[in-house]
Number of protein chains: 2
Amino acid sequence: MDTKHAKRLDSKGLKKTEPRKKVLDVMSSTDQFLSAEAIHAIVDTKKRPISLSTVYRILETFKAVGIVSSVSLENAKEERFELSHEHHAHHLICTSCERVIHVHGCPLDHYEKTLQKTHDFTIEDHRLDFYGLCKTCRDKRI
Amino acid sequence: MDTKHAKRLDSKGLKKTEPRKKVLDVMSSTDQFLSAEAIHAIVDTKKRPISLSTVYRILETFKAVGIVSSVSLENAKEERFELSHEHHAHHLICTSCERVIHVHGCPLDHYEKTLQKTHDFTIEDHRLDFYGLCKTCRDKRI
DNA sequence: CTCAATGCAAATCCTTTGCATACCT
DNA sequence: AGGTATGCAAAGGATTTGCATTGAG
C-alpha cells in the first residue's frame with residue numbers, strides 16, 4: 001500500500017512526506033466523502049499526529065494535481081474530499097446518514113452533446129448526484 | 001411587481017416587511033445564482049439599506065418555506081440562492097464568468113428508476129449541473 | 001545543504017446569534 | 001398591544017496564512 005502511495009506522489013512530482021502518506025492512507029481506506037476535519041481525526045489516532053492546517057494544505061495540493069476531488073454536499077457547510085477515480089462516477093447520497101453509493105456509467109453523453117449545440121456552451125464536466133434515503137435509513141423510519 | 005411579492009409572502013403566512021420585499025425584488029430581477037453578500041450589495045443601493053444578517057435571516061426563512069433554493073457551486077465557498085422554479089431545472093455553469101444558463105426538461109426519469117431498483121435507494125431529488133465555458137468566455141480565450 | 005513542507009497561532013471569510021428596538025397585523 | 005422581524009455587534013465554524021522550524025532529495 002505504501003508503495004502505491006509513494007508512486008502516486010512520485011508521479012506528480014510531490015515529495016513523499018509522512019503527512020501526505022498518512023492522508024492517502026486514510027482516504028484510500030474508504031469510498032466515502034471525508035471532510036478535512038474527519039481526515040485529521042482519523043489520521044490523528046496513528047502515531048505522530050499531523051496538524052489540521054497541514055491536512056488542508058495537503059488536500060489543496062492533491063486537488064491541484066488531481067489526486068483528490070472535492071464536493072460540497074447539500075446542507076453541509078464544509079467541503080468533502082475523495083480520491084479521484086479514473087472513471088467518472090455519479091452518487092447516491094443518503095440525506096439521513098450521508099453515506100455515499102458510487103454509480104459508474106453515465107447516461108448523459110447524448111444529452112450533453114445536444115446541450116452543447118443548443119446553448120453554444122462548451123461542457124467540460126458535469127456533476128450528477130441523487131439525494132434520498134438508503135435502505136438502512138428508510139427502514140429505520142417510523 | 002410589488003403585488004406579486006406581497007402575494008408570495010402572504011401565501012406562506014409571512015409578514016410583508018420592507019426588507020423581505022427588497023430581497024424578492026433583487027432576486028426576481030435575475031436568473032443568476034446570488035450570494036447573500038451579492039443580494040445585500042444590490043439591495044443596498046436602493047433607499048434604506050438592510051443589514052447583512054437580515055439578508056441571511058430572510059434567505060433562511062425563504063428557503064424553509066420554499067420561496068428560494070440554494071446551491072453550492074464548485075470552487076465557491078459561499079452559498080448561492082435563486083428563487084425556486086416551479087419546474088425542475090438543470091444548469092450550465094460557466095467556470096470563467098460563473099454565469100448560469102437554465103435548462104428545462106430532464107433526461108433522467110428512466111435512469112432514476114433503474115438506480116432506485118439496482119441500489120435499493122429511494123431517490124427524492126437530484127442535482128445535475130454542467131460546468132464549462134459559455135460562448136462569450138470561450139471566444140475570449142487565446 | 002537547500003528549498004519545500006510542516007506546526008502553531010493568529011487572521012480571515014462566511015454565517016449565525018443575542019439582545020434591544022422597530023414594525024407588521 | 002403583542003409578537004415577530006430587524007439592526008448591530010459579537011460569536012462561531014471552516015479555512016487560510018505568516019513565520020519559525022523540520023525534513024526530503
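Residue numbering restarts at 1 for every chain, and letters A, B, ... go by the order of the sequence lines.
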J.: Whole Å only: how far is the CD1 atom of B/Ile58 from the P atom of C/dT15?
T.: 15 Å
J.: Could you state the CD1-C1' distance from A/Ile50 to C/dA5, rounded to the nearest angstrom?
T.: 12 Å
J.: Is it true that B/Arg138 and A/Thr122 share a donor-acceptor pair across their side chains at a distance under 3.5 Å?
T.: yes
J.: Determine, using ring centers only, whether A/His90 and B/His126 are less than 6.0 Å apart.
T.: no
J.: Which listed nucleotide (C/dT15, C/dG7, D/dA14) is nearest to the side chain of A/Glu78?
T.: D/dA14
J.: Which residue lies toward the 5' end of DNA chain C, B/Lys15 or B/Phe81, if each is placed at its nearest nucleotide?
T.: B/Phe81
J.: Please give, in whole Å, the distance from D/dA5 P to B/Leu52 CG?
T.: 18 Å
J.: If you assign each of B/Arg20 and A/Lys77 to its closest nucleotide in DNA chain D, which residue comes earlier from the 5' end?
T.: B/Arg20
J.: Roughly, in whole Å, what's the span from OH in B/Tyr56 to C1' in C/dC13?
T.: 9 Å
J.: Just checking A/Ser53: base, sugar-phosphate only, or nothing, at a heavy-atom cut-off of under 4.0 Å?
T.: base
J.: Given atom CD1 of B/Ile39 and atom P of C/dC14, what is their separation to the nearest angstrom?
T.: 14 Å
J.: Suppose we call a contact any N or O donor and acceptor under 3.5 Å apart; does that hold for the side chain of B/Arg48 and the base of D/dG7?
T.: no
J.: Is any side-chain N or O of A/Thr17 closer than 4.0 Å to OP1 or OP2 of C/dT6?
T.: yes
J.: Quick check on the 6.0 Å ring-centre criterion: do A/His104 and A/His88 meet it?
T.: no
J.: Under 30°, 30 to 60°, or over 60°: which ring-plane class applies to B/His91 and B/Phe33, parallel, tilted or perpendicular?
T.: perpendicular
J.: Would you say a side-chain N or O of B/Ser51 is under 4.0 Å from OP1 or OP2 of D/dC8?
T.: no
J.: What nucleic acid atoms does B/Glu79 come within less than 4.0 Å of, heavy atoms only: base, sugar-phosphate, or nothing?
T.: sugar-phosphate
J.: How do B/Arg80 and B/Asp10 order along DNA chain C: which one's closest nucleotide is nearer the 5' end?
T.: B/Arg80
J.: Just how far, in rounded Å, is P of C/dC13 from NE2 of B/His40?
T.: 17 Å
J.: Measure the distance from NZ on B/Lys16 to C1' on C/dC23 and round it to the nearest whole Å.
T.: 13 Å
J.: Could you check how far CG of B/Leu14 sits from P of C/dT25, rounded to whole Å?
T.: 10 Å
J.: Determine whether the aromatic ring centres of residues A/His87 and A/His102 are separated by less than 6.0 angstrom.
T.: no
